[in-house]
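Residues: numbered from 1 along the sequence shown.
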Amino acid sequence: VVWGRPVNVAETATALGSHTVLVESFRPLNLSVAEVRFYVGSEGFAYQPGQYMIFMVPNLPHSIRRSYSISTPPSDVRHFEVCVRSVAGGAGSNFVHRLRPGQTLQVEGPFGDFVLDEDSPRDIIMIATGTGMAPIKSMLMHLLERRSRRRVRLFFGLRHESDLFYTDLLRGLRAHYPGFEYKVILSCADPETWSGPRGRVTDLIERYVTRKDAEHTEAYICGGRPMIEACVDRLADLGFPAEAINYERFF
């Protein structure tokens, strides 16, 4: 999920369903990011890895809609999770961060064309910054559950060490999914305490992606507009065709 992008009202007309969901758990991932788990109901619903839900956010005099990507794989049809960063003055993110187990709310969906191409035999490069990891996590978990043999590389960019989250999850995925590898890069890391890569996530493309990769690899990118535009430009320069570059902008 995301930082909460405004939703086009016309888009809601194509809703696949309206659901009253129950908050099952609220888990802080760091000082500003939280993961919330929802129970959909006994009938459940189906979605594709990478899609998002629209939340009905109470905001007098009228409720507003905010969209948040699903961070869990679609194997559990009765639940889904979102991963949201609290934003100062953000009506949607602050509403989500105030949710606690036992509360209910209205959601619509799923929506979105930023979905994993499960029929493709190509290798995968996934690039995310911040809570852009949400739909990427859904895709990764799904690939693991399906015992995919595709090679998957994740480039995950954050600012500070205090922004880190899903560290244990990524280690676990690496241990159980032989085709998966990942790099976490920090743009404002303290060199005395951080031994990993430093810089922007686009730097990892320059270091680890080649023209040869463009022949058999597709990319999934999620985050802010400037990052996505920079990644698309770099991948295009390496020979990635436009149809092999998939992305979701959060703002």
Please find the pair of heavy atoms, one from [X] and one from [Y], that lie closest to each other, and give the distance.
X: Ala128; Y: Ile136; answer: CB-CG1, 4.0 Å
X: Asn94; Y: Gly89; answer: ND2-N, 3.8 Å
X: Tyr177; Y: Val152; answer: OH-CG2, 3.6 Å
X: Cys231; Y: Thr202; answer: SG-CG2, 3.6 Å
X: Glu248; Y: Gly50; answer: OE2-O, 4.4 Å
X: Met56; Y: Ile54; answer: CE-CG2, 3.4 Å

Can you confirm whether [X] sits close enough to [Y] that some side-chain heavy atom of one is under 4.5 Å from a side-chain heavy atom of the other?
X: Arg234; Y: Ile127; value: no
X: Leu29; Y: Cys83; value: yes
X: Pro135; Y: Tyr52; value: no
X: Leu143; Y: Met126; value: yes
X: Trp194; Y: Leu164; value: yes

From [atom1] ([X]) to [atom2] ([Y]), nearest 0.5 Å:
X: Thr217; Y: Ile245; atom1: OG1; atom2: CD1; result: 11.5 Å
X: Leu238; Y: Ile205; atom1: CG; atom2: CD1; result: 8.0 Å
X: Glu81; Y: Glu35; atom1: CD; atom2: CD; result: 4.0 Å
X: Arg207; Y: Ile185; atom1: CZ; atom2: CD1; result: 4.5 Å
X: Asp163; Y: Asn30; atom1: CG; atom2: CG; result: 6.0 Å
X: Asp117; Y: Glu218; atom1: CG; atom2: CD; result: 5.5 Å

Can you tell me if [atom1] on [X] sees more than 12 non-hydrogen neighbours from other groups inside 6.0 Å?
X: Arg146; atom1: CZ; value: no
X: Leu169; atom1: CG; value: yes
X: Arg149; atom1: CZ; value: no
X: Asp190; atom1: CG; value: yes

Say whether, by atom type as modelled, one donor and one acceptor occur between the side chain of [X] and the main chain of [Y] under 3.5 angstrom.
X: Arg198; Y: Ser195; value: no
X: Gln51; Y: Gly112; value: yes
X: Asp233; Y: Ala230; value: no
X: Ser71; Y: Lys137; value: no
X: Arg151; Y: Ile125; value: no
X: His142; Y: Gln48; value: no
X: Arg200; Y: Ser187; value: no
X: His97; Y: Val84; value: yes

Yes or no on side chain to side chain contact (heavy atoms under 4.5 Å, CB included) for Phe240 and Asp213, after CA distance, side-chain angles and deciding distance?
CA-CA 8 Å; Phe240 278 69; Asp213 289 321; 4.3 Å; yes
Is there a path of hydrophobic side-chain contacts, each under 4.5 Å between heavy atoms, that joins [X] and [Y]?
X: Leu173; Y: Leu158; value: yes
X: Tyr39; Y: Val107; value: no
X: Val184; Y: Ile221; value: no
X: Phe26; Y: Phe80; value: yes
X: Met227; Y: Phe114; value: no

Test side chain to side chain contact (heavy atoms under 4.5 Å, CB included) on Met53 and Val40; report intermediate values, then the result.
CA-CA 12 Å; Met53 303 296 290; Val40 180; over 6 Å; no
Centroid-centroid under 6.0 Å between Phe156 and Phe165 rings
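For Phe156 and Phe165, the ring centres are under 6.0 Å apart.
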Using a strict cut-off of less than 4.0 Å between a Lys/Arg side-chain nitrogen and an Asp/Glu carboxylate oxygen, indicate whether [X] and [Y] qualify as a salt bridge.
X: Glu181; Y: Arg153; value: no
X: Arg78; Y: Glu24; value: no
X: Arg171; Y: Asp168; value: yes

Partner of Phe55 under ring-ring contact (aromatic ring centres under 6.0 Å, His included), chosen from Phe38, Phe111, Phe95
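Answer to the ring-ring contact (aromatic ring centres under 6.0 Å, His included) test with Phe55 among Phe38, Phe111, Phe95: Phe38.
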